[in-house]
Structure formats: structure tokens, C-alpha cells
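Keep in mind that what you see is a predicted model, and the values were worked out from it rather than measured. Letters A, B, ... mirror the listed sequences (proteins, then strands); counts begin at 1.
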Protein chains: 2
Amino acid sequence: MPRPRSLTQEQLASAALAVIDRDALAGLSMRAVAQELGMSTMGLYRYVDDREELERLVVELVLSAVDTEPPDRDASWRERIEVMARRLRDTVGAHPAVVPLTITHRHRSLGVLRWSETVLGVLTEAGIEGERRVVALRGLLSYVIGAIQLEHLGSLSGPGTVAISQLPPADFPHMAETARHARNVGPDQEFLGGLAMLLDGLGA
Amino acid sequence: MPRPRSLTQEQLASAALAVIDRDALAGLSMRAVAQELGMSTMGLYRYVDDREELERLVVELVLSAVDTEPPDRDASWRERIEVMARRLRDTVGAHPAVVPLTITHRHRSLGVLRWSETVLGVLTEAGIEGERRVVALRGLLSYVIGAIQLEHLGSLSGPGTVAISQLPPADFPHMAETARHARNVGPDQEFLGGLAMLLDGLGA
DNA sequence: ACCTGAACACCGTTCAAGT
DNA sequence: ACCTGAACACCGTTCAAGT
């Protein structure tokens, strides 16, 4: 790893994120980021080993914006978990184009680790311990990750619903009927509703 | 769309899947698939508009292998949902390298639509109707999708746990302790445990 | 009509050369 | 020491040419 001089890795990640937000993920290239920074393409390799590391920095930049301060202790532990889940969802949702990157690079993110640490603290205060706490954390994380993707990459509301309404109703009777009800369920209600199922199951 | 002659789209998808299974997702290219089929690269464009359509066919091929027959009606509706969740997870898990592709192309997959139709049928028989059924289906799908990814792209067990054990324990006390318990939780137990939380919440 | 290979405009990255 | 541009080995895809 070379030692940065005029730039920080964070500035590099910001430039890459700017490219992605403007030109979508397909627009991300070493050349595009270099141009965004007004430097030569090869100059990037002074700050980064390869494209993969650049992607990891972008994911880290996005996820490090998650507020991981423990929520107000006056709230019930259930409310505090809801707050944490919303924070993660909203932070990623601010940059939907990076969602596919988070999939491959999420597990190395300090932001998610800090988020997990705070959630584990809340679970512990709720009296959830040992293996049950492992399962609870992983269950919550799985749900939030999946929900973010469903929301931003082909949702039941939006274009997904259109596709469903074009399905042969004879083969998909339940889908046809569900699509009608889905129109009345907004993304927030959907996200919090699924989360409520999980929390009910956790014994809140 | 051109009309196929010597090949079907399914054969094309199989060849692409073979390339992915052998050389990982990075090895997938139009040239590699053409070589796998013993034809010219441009010959592929007779069967497919572009690379994206090829990827969609691969996802469809994998997901169409999910058994969507309604499970044994002697089982409780909770057990039947568990069967459906396991089927989806195990089918995708047979080709972990395509997981990143399923993320972008899943929503157009007939396999997932059929899976959803069957799950909705079970939920209906359980007396879950209207908007609550929408939320239940989406919650289940979110969880299964997220859990598949967590399992195959950076799990808490495996390399993820190693990373966690290298974290400064002073900053991550709960993570350190949880990692110890995580060693005793296998992937199946983890998957079914999180699912059980959801099903408990659904009122099984 | 069906299929092909050369060519184009990209990509990430290596490497030798500049200051 | 730091930074650069040409070059290499790849991409997906266009297009004119073959049978």
C-alpha cells in the first residue's frame, strides 16, 4: 500500500461515489474516477491496490454514515431496534446505486460492525443472550439486507407490480389478488411491518 | 429477438452456468460461453440480445429449479412455509457464484413468482389475508434473500468470524462475545432460527 | 437465411520513462 | 519520491462480408 500524499482514501471514495450517483454503477471506472479528481488514471493506484479496493472504500464511505450511537434509553428495546433498522435502511437507501456493491463488500465494513455492536447491546439489555442472540442479530441483518434490495431492485410496488399484473391470472390467482392489496402498502409500512413480525417473534 | 435454430435459450443458459460454476462469476464472458458451446462469439447474439439477457437466463435457469409444488397438506402451515424457505435457499445455495446475479435479475424470475404463489397459498390457508399477507410474503422473501447472501458472501461463521476476532475487543465487546457463541451455531440452525423468529411473529 | 471474423470503443492493470 | 502515458490483454458489441 503506497502512502497517500495530496489525497486521502476518503476523497477518492467520495469521487467514486459522485461518479456512481451521477452515472450509475455502470459508469464507474478507474478512468472516470481519475477524471473526476483531475488526475491521471494511474495516479489512483497510489491510493488503492485495485478496483476492488476502490469499491470497498465506496461501500465503507456509505455505510460509515450510519448513525450507530445507541438510541435513547428511555425507549423500549423494541423501539430501539426499530430505530437501528431504519437508520441502516435509510442510509443505504440514500445511494441505491451502490446496493449491488454492498452485497459483495458489506462483510468487511466497519460501519456494519459498529451497527451490529450497538444492536447486540440493545439485545443484551433485553435479556437475549448466547446462541439466541447470535440468531437474533443475524436474523435482523438478513431481513434488513433483503428488504433494502427488494425495495430498490425490483419491488412488488412499482414496476414489479406491473409485471405481476401481466401474469396469467389463472396460473397465479394469489399473486393477482395480492398485487391489488400491495398497492395500499407503502415502502415504509412494508419495511416496518416485516420488521414487526421479527420483533414479535423475538418476544418484544 | 431472433429465432433460435440449433440451440435453445436453455442450452445457452446451461453453458453460461457451467462457465460460472467452473471459473466463478468473473470468468463469465460472451467469448467464454461461445467457446463452451463451440461456436463463434457473435453466434450468441442470435439467441440473446445482450449480456444482460444472458445473465437473466442464467438466473432463471437456477431459480426455475426450485420445487414450487405445494408441500404436504398434512403438515402445519408453519412447517409448509419452512419447507418452501428451505427449498429456495438450498436451490440458490447449489450455485453460490450466481448469488450476485440473482440480486439484479431476481425480480423478473418466473421461478420466484411461482414460489411466491405457492407461499401465498399457504398463508391464505393459514387465514392471513389482505395487506397483512402482502407484508408477510415480502418479509419472508426479504429474510430468505438476505440470509442466502449473508451465508454465501461473508458469513459470521467462517472468514467473517476471523475478521471479528481481530477487532479491538475494547470497542466491540458484544461482537467479541457473540463471535464465541457463533462458533456453535451452524448455518442450518442459523437459517431456521431466524425463520422461526419470523414465523413466531406471524402467529404460528 | 444463417453464421462469421475483423474492427471499434471501451476496460483494469503493467511497466518503463519522465520529473 | 512521486506521477505519467503508452501499451497489453482483455471486454461487449457493430458491421460488413461470407456461405
Listing time: all N or O pairs from protein to nucleotides 7-9 of chain D that are below 3.5 Å?
none

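- Residue A:E52 contributes atom CD, which lies 14 Å from atom C1' of C:dT13 at whole-angstrom precision.
- Looking at the side chain of B:M42, the nearest of the listed nucleotides D:dT13, C:dG12, C:dT14 is D:dT13.
- Geometrically, B:R86 does not engage B:F191 in a cation-pi contact, judged by NZ or CZ lying under 6.0 Å from the ring centre and within 45° of the ring axis.
- Sorted by first and then second residue, the pairs that involve residues 95-105 of chain A and meet side chain to side chain donor-acceptor pair (under 3.5 Å), not counting sequence neighbours, are A:D21-A:H95, A:E55-A:H105.
- When the C1' atom of C:dT4 is taken as reference, atom CD of B:Q35 falls 16 Å away, rounded to whole Å.
- B:L44 has its CG atom 13 Å from the P atom of D:dT14, to the nearest Å.
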### Query
Would A:R106 and A:L101 satisfy side chain to side chain contact (heavy atoms under 4.5 Å, CB included), going step by step from the backbone distance to the final call?
CA-CA 8 Å; A:R106 174 193 345 106; A:L101 289 188; over 6 Å; no
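- Taking a cutoff of 4.0 Å between a charged side-chain nitrogen and a carboxylate oxygen, B:D67 and B:R114 do not qualify as a salt bridge.
- Among all heavy-atom pairs drawn from B:L110 and A:F172, the shortest one is CD1-CZ, 4.4 Å.
- Taking a cutoff of 4.0 Å between a charged side-chain nitrogen and a carboxylate oxygen, B:E60 and B:R56 do not qualify as a salt bridge.
- For B:G139 against B:L198, the heavy-atom pair with the smallest separation is O-CD1, 3.9 Å.
- Distances were taken from every side-chain heavy atom of B:R46 (C-beta onward) to each of C:dT13, C:dC2, D:dT4; the shortest belongs to C:dC2.
- The shortest distance between the side-chain N/O atoms of A:S29 and the OP1/OP2 oxygens of C:dC11 is below 4.0 Å.
- Listed candidates were D:dT4, D:dC3, C:dC11. Nearest to the side chain of A:M39 is D:dT4.
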### Message
Only Watson-Crick and G-U wobble pairs with both distances less than 3.5 Å should count. Give DNA chain D in dot-bracket notation, marking inter-strand partners with |.
### Response
||.|||||...|||||.||
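- Taking atom CD of B:E53 as the reference point, atom P of D:dT13 lies 11 Å away to the nearest angstrom.
- Across all strands shown, A:M30 has heavy atoms under 4.0 Å from sugar-phosphate atoms exclusively, and none from any base.
- When distances run from any side-chain atom of A:D50 to the nucleotides D:dC3, C:dT13, D:dT13, the shortest one goes to C:dT13.
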